[in-house]
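Inspection log for the structure reproduced underneath, given as structure tokens.
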Amino acid sequence: MAPGGPRLSRTSHAATDQLSRTDLPKIHKGRGDAINAKLNDHIRVHKTKPTINIPPGYTGPVGEWSSEFHTEIGIIIKKFAPLSTCPNWKSLNKSDIRKFHDLILEKFTIDLHVTRIQKAVNSMLSSEFRTFTSTLSNHYKKYEKDGTSREHPHHQVNQEDWESLCTWFESDKFKNLSTQGVKSREANKTKHCTGSKSFARYRYEMRDPETGEEIGQIKFYELSYCKKGVWKSPKAEENYGKMLELQAAPTPEGSVPLTEAQICEKVLGVRSGYIKGLGHGYEKPTSSSIEYNAELVEATRRADEAEKRNKELEQRVEEQQKTIDGLAADTMDIRGILRELQESRQGTN
């Protein structure tokens, strides 16, 4: 069966047949697999595929159908990833990834020819692949002590794939990667309160309904880590306090004020390809673009001030012109009176 239920017709089913797994072990308890019912019903009833939007600057979809798109990515990975030959994402070849793209295009309208969009989708596929293999690894560890892991395959994996995965989980390379992952998670001292939504989607949904403007990065940090006045961790509260201090600090004469992005970077630190405080949903700007944006903000501020001064001067000139026009009118009146007096004198003579 296709991932998530019946799909629209496709030109060839060879890719699906090559990747799909059969003879999965039966399971009698726990949650069932995701089926993406809302998406499948929409396609069945309306005979159209939803359009996915990944705006510039984002690394994932936002807006309507973004949740269903993320769910479908997970379904595709779970049902069609060739785990018997590629137990980790880096071992996949281009043809495997193209097959994933074909499956996505059966359910959604999205322009994968655009480089940044294709990169964003591949990043989502990679993330779901790692999440799924992490789930499988945790299942493996349940039986690792008594040495029966290979005899208890995960319910979403057939025996052949499970054997390959067990070999991968037992390798030194995987163990080193797993240790690094544990250390990274332990180093994270903050916990957010946004639920399962990505930070990018959460922030996108909080835009101003009239202007479409997103809330500032510092305010978003507060909303992401503080709920009803209670901070999720002391470290997050400390970080927010430091951000406010930097924001309120006076700007030295001749220098450019720090942007909110620069303030957050100073407080939260830097990580390659990732904006701390905003999650994986945004493209990380280069340092040169950050400096450019800061200069742009300062130039805009100065331009606004200059425009304000010009308006004030224009108003003063307008008032002075009115005064001049009034004096000119008075002068004309006086001259008229003088002429009348002069004419009356001449008439008496």
Side-chain angles (χ1 to χ4, degrees), residues 55-60 62 183-195 197-316:
Y58 287 78
T59 59
V62 292
K183 289 181 179 179
S184 297
R185 288 189 292 274
E186 289 177 348
N188 184 13
K189 303 297 183 182
T190 58
K191 295 182 179 180
H192 63 80
C193 54
T194 62
K197 290 183 182 179
S198 68
F199 277 14
R201 182 183 166 199
Y202 183 57
R203 191 182 183 200
Y204 184 85
E205 292 175 355
M206 297 171 67
R207 295 172 304 157
D208 187 296
E210 295 182 359
T211 64
E213 184 178 354
E214 292 186 336
I215 63 173
Q217 197 167 329
I218 294 175
K219 181 63 178 177
F220 179 71
Y221 185 87
E222 178 192 11
L223 295 174
S224 300
Y225 293 92
C226 181
K227 188 173 184 179
K228 296 181 180 180
V230 179
W231 286 89
K232 298 296 287 185
S233 67
K235 183 62 177 176
E237 184 176 12
E238 179 186 341
N239 289 339
Y240 180 67
K242 290 179 180 179
M243 292 175 190
L244 294 182
E245 289 178 7
L246 287 172
Q247 193 175 38
T251 303
E253 187 176 352
S255 62
V256 178
L258 292 174
T259 65
E260 292 199 17
Q262 289 174 315
I263 290 174
C264 290
E265 192 169 280
K266 278 181 172 292
V267 174
L268 303 176
V270 179
R271 182 175 170 183
S272 177
Y274 178 82
I275 305 177
K276 289 191 172 184
L278 289 182
H280 292 280
Y282 291 88
E283 291 180 350
K284 181 176 174 58
T286 61
S287 57
S288 59
S289 68
I290 292 176
E291 292 174 1
Y292 169 77
N293 287 336
E295 292 173 358
L296 182 62
V297 169
E298 176 63 11
T300 302
R301 183 185 67 80
R302 291 178 179 177
D304 290 341
E305 290 180 353
E307 184 179 0
K308 183 179 179 181
R309 288 196 298 270
N310 287 337
K311 287 183 178 179
E312 291 175 352
L313 289 173
E314 287 175 359
Q315 186 176 359
R316 288 171 62 184

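Scope of the values below: all heavy atoms of this structure, side chains included, with no hydrogens, waters or symmetry mates. Index from 1, following the sequence.
- Rounded to the nearest 0.5 Å, atoms NZ (Lys308) and CG (Leu313) are 12.5 Å apart.
- Under the 4.5 Å side-chain criterion, counting only non-hydrogen atoms from C-beta, Val267 is not in contact with Tyr221.
- In this structure Gln315 satisfies the side chain to side chain contact (heavy atoms under 4.5 Å, CB included) test together with Glu319, sequence neighbours excluded.
- At a threshold of 4.0 Å, the pair Glu314-Lys311 does not count as salt-bridged, since none of the basic side-chain nitrogens sits closer than that to a carboxylate oxygen.
- One finds the CD1 atom of Ile218 at 4.0 Å from the CD atom of Gln247 (value rounded to the nearest 0.5 Å).
- Atom-to-atom distance recorded for Leu244:CG and Ile263:CD1 is 9.0 Å, nearest 0.5 angstrom.
- Here Asn239 contributes atom CG and Glu222 contributes atom CD; the two are 13.0 Å apart, rounded to the nearest 0.5 Å.
- Lys242 and Glu238 are joined by a salt bridge, as a carboxylate oxygen and a charged side-chain nitrogen come within less than 4.0 angstrom of each other.
- Interatomic distance, CE of Met243 versus CG of Leu258, reported as 13.0 Å (0.5 Å rounding).
- Gln217 and Cys264 make their closest contact through NE2-CB, 3.5 Å (heavy atoms, listed as atom of the first residue, atom of the second, distance).
- The OG1 atom of Thr251 lies 11.5 Å from the CD atom of Glu253; values are rounded to the nearest 0.5 Å.
- Around the CD atom of Glu312, the shell of radius 6.0 Å holds more than 12 heavy atoms that belong to other residues, nucleotides or ligands.
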